[in-house]
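Below is one structure, written out as structure tokens; the observations come after it.
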Amino acid sequence: MSPPRHTAVIGSGIVGLAHAWAAAREGDRVTVFERSDKARGASVRNFGMFWPIGQTADLLPIALRSGELWREFSKTMNTTARRCGSACVVDHDDEAAVLEENDRLAPDLGYECELWTPEKAESLCPGIRKGVAKAVMFSPTECNVDPREALAMLPHYLTERHDVRFHWNTTVTEVFSGSLRTAAGARHAFDRILICSGHDFETLFPEIFAAAPLKICKLQMLRTIPQPAGWKLGPMLSSGLTLRHYDSFAICPSIGEVKQRVARESPELDRYGIHVMASQDRDGGLVFGDSHEYGTDIEIFDKAVIDDLILRELRRLFDFPDWTLAERWHGLYAKNPDGPIFRCEPLPEVHIATGTGGSGMTLSFGLAERFLGKQLSNS
């Protein structure tokens, strides 16, 4: 019997932890290096939405497999995982047409979704403003996790269940075939190194980063105080603006009309890449977002106009008990326009994995499993 392979993972965000878990399940001895005391990047700054309905049909099986792994982890560690589904609420005729087309076309591609009457939606989703919705699409596959809790507990899970080792507050400064060096000067030998540090891999391989198709995206988000008297959101909510954001709805002929109308009537929403969604955290607060600014449009300072537009669009459709804001923040992530993840092998047995964009919580577990399973079969 051959000795276990020693694998290093750089980065403890969702992509890094997913690859660490997949490698450990393959029998590797895994060590994770994280420059901070815990995950502080894009992974902990998102909605906590596991969102298969937004994935194209070719990625749907990967998303659903990721869901199985989310449930396995959440059940074992007793973490937040509301299998609440999602409801897309629309108030324009062209958006209602898209939902009707999706209802006809999506099931044949493997999606689970159904049209609800506005009355049914209002009874099951107490946050929907009365008398506003023209149509509502419910999907049962979505799950509401808490990213701060999940990213804090996943390392404990990997340590306890799979003997994964973690080096916190440890910056990797150089990577070679077969080893890496940390800022303290220590050199560690490994059979395989997986770089999952988001767009920060630029510090290790700047030339590869410069040539990569990656786009850096900034999003702004908001969180309310806990809702009163234990009020529950029910399914996570999105609006008709979301239809133009996710490529899964490109199968619907009417989506072009939606995009044209929004561009004509509300160009400010396209300017900042705004579509609106709402989830609920483990303490009862509502999480709102979001926006998308790319490249040279990104500034270190958040824009009040973006927060105002997000709240404006949410208030058109939804009526929550308490809109008092407790937190505002932004996240930065790398998006690969050419696929669900960017991968390359700059050196033998050194692999870069990043660029999941806004789908990291939905796809990372399944993508890591497929990649490392394929690597094992080719070795």
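Numbers here simply count residues along the sequence, with the first being 1.
Side-chain contact of S254 with E101: a donor-acceptor pair under 3.5 Å is present, judged by distance alone. Using modelled atom types, one finds no donor on one side chain facing an acceptor on the other under 3.5 Å when comparing T79 with E149. Side-chain N/O atoms of T7 and D28 include a donor and acceptor closer than 3.5 Å.
Using a 4.0 Å cut-off between charged nitrogen and carboxylate oxygen, E174 and R187 do not count as a salt-bridge pair. Ion pairing between a basic and an acidic side chain is recognised when a charged N comes within 4.0 Å of a carboxylate O; D37 and R40 show such pairing. The pair R264-E257 does not count as a salt bridge, with every side-chain nitrogen at least 4.0 angstrom from each carboxylate oxygen. The pair E265-K259 does not meet the salt-bridge criterion, since no charged nitrogen lies less than 4.0 angstrom from a carboxylate oxygen. A salt bridge links E68 to R65: at least one charged side-chain nitrogen sits closer than 4.0 Å to a carboxylate oxygen. A salt bridge is absent between D319 and K130: the closest approach of a Lys/Arg side-chain nitrogen to an acidic carboxylate oxygen does not fall below 4.0 angstrom. Classification of R5 and D191 as a salt-bridged pair fails, no side-chain N sitting under 4.0 Å from a carboxylate O. Using a 4.0 Å cut-off between charged side-chain N and carboxylate O, R35 and D200 make a salt bridge.
In terms of modelled atom types and a separation under 3.5 Å, the side chain of Q227 and the main chain of L286 share no donor-acceptor contact. A distance-only check finds a donor-acceptor pair linking the side chain of W70 to the backbone of M361 [under 3.5 Å]. The backbone N or O of P235 sits nowhere less than 3.5 Å from a side-chain atom of S86 that would complete a donor-acceptor pair. A donor-acceptor pair is defined here as one N or O able to donate and one able to accept, closer than 3.5 Å; no such pair exists between the side chain of K218 and the backbone of H330. Here the side chain of R165 pairs no donor or acceptor atom with the backbone of R29 at under 3.5 angstrom. With hydrogens and angles ignored, the 3.5 Å screen pairs no side-chain donor or acceptor of E26 with any backbone N or O of A22. Judged by distance alone, the side chain of N46 and the main-chain N or O of S43 form a donor-acceptor pair under 3.5 Å. Judged by distance alone, the side chain of T170 and the main-chain N or O of W168 form a donor-acceptor pair under 3.5 Å. For the pair H19 (side chain) and V15 (backbone), a donor-acceptor distance under 3.5 Å is present. The backbone N or O of A57 sits less than 3.5 Å from a side-chain atom of Y111, completing a donor-acceptor pair.
A 6.0 Å sphere centred on CZ of R223 holds more than 12 heavy atoms belonging to other residues, nucleotides or ligands. Annotation: R161, atom CZ; neighbour count of heavy atoms from other residues, nucleotides and ligands within 6.0 Å does not exceed 12. The local environment of CZ in R271 is sparse, with at most 12 non-hydrogen atoms from other residues, nucleotides or ligands closer than 6.0 Å. Other residues, nucleotides and ligands contribute at most 12 non-hydrogen atoms within 6.0 Å of the CD atom of E207. Other residues, nucleotides and ligands contribute only 12 or fewer heavy atoms inside 6.0 Å of the CZ atom of R83.
Here the shortest heavy-atom pairing between L372 and L194 reads CD2-CD1, 4.2 Å. In plain terms, the two heavy atoms of M49 and T362 that are nearest each other are O-OG1, 3.6 Å. The shortest non-hydrogen separation linking E122 to V132 is OE2-N, 4.5 Å. Contact record, W116 with C125: CZ3-SG, 4.0 Å, taken as the closest heavy-atom pair. Across V32 and S12, no two heavy atoms sit closer than the pair CG1-CB, 4.2 Å. Shown here for P213 and N336, the closest heavy-atom pair between the two residues is CG-OD1, 3.4 Å.
Two rings, from H292 and H275, have their centers less than 6.0 Å apart. Close placement of the F320 and F288 rings is indicated, their centers lying within 6.0 Å of each other. In this structure, the ring of W323 has its center no less than 6.0 angstrom from the ring center of F318.
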Practice item. Report the C-alpha separation of R316 and D91 in whole Å, then their side-chain angles, then the decisive distance to 0.1 Å, and conclude whether the side chain to side chain contact (heavy atoms under 4.5 Å, CB included) test is met. Key: CA-CA 9 Å; R316 286 181 46 248; D91 63 342; 2.3 Å; yes
Practice item. Please lay out, stage by stage, how N144 and T80 fare under the test side chain to side chain contact (heavy atoms under 4.5 Å, CB included). Key: CA-CA 8 Å; N144 194 176; T80 304; over 6 Å; no
Exercise for review: For side chain to side chain contact (heavy atoms under 4.5 Å, CB included), just list the numbers for E293 and Q220, CA-CA rounded to whole Å, side-chain angles, deciding distance to a tenth of an Å, and then say yes or no.
Suggested key: CA-CA 9 Å; E293 297 178 280; Q220 289 182 206; 4.3 Å; yes
Practice item. Walk me through it: do T31 and H6 pass the test side chain to side chain contact (heavy atoms under 4.5 Å, CB included)? Key: CA-CA 8 Å; T31 303; H6 288 252; over 6 Å; no
Exercise for review: Evaluate salt bridge (charged side-chain N to carboxylate O under 4.0 Å, His left out) for D302 paired with R328, printing each intermediate quantity in order.
Suggested key: CA-CA 9 Å; D302 292 348; R328 304 171 189 254; over 6 Å; no
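At a threshold of 4.5 Å between non-hydrogen side-chain atoms, the residues R244 and F249 do not count as touching. The closest side-chain heavy-atom distance from C344 to I208 is below 4.5 Å. Contact of the T356 side chain with the L363 side chain is not registered, since no non-hydrogen atoms from C-beta on lie closer than 4.5 Å. Proximity of L347 to F205: side-chain heavy atoms (C-beta onward) are separated by under 4.5 Å at one or more points. Within the 4.5 Å cutoff, side-chain heavy atoms of L214 are placed close to those of F201.
Partner of F33 under the side chain to side chain contact (heavy atoms under 4.5 Å, CB included) criterion, out of N169, T182, T171, V9: T182 alone. Here the options are I53, L243, V136, the test is side chain to side chain contact (heavy atoms under 4.5 Å, CB included), and the partner is C88; only L243 passes.
Within the cation-pi definition used here (under 6.0 Å to the ring centroid, within 45° of the axis), R181 does not qualify as a partner of F176.
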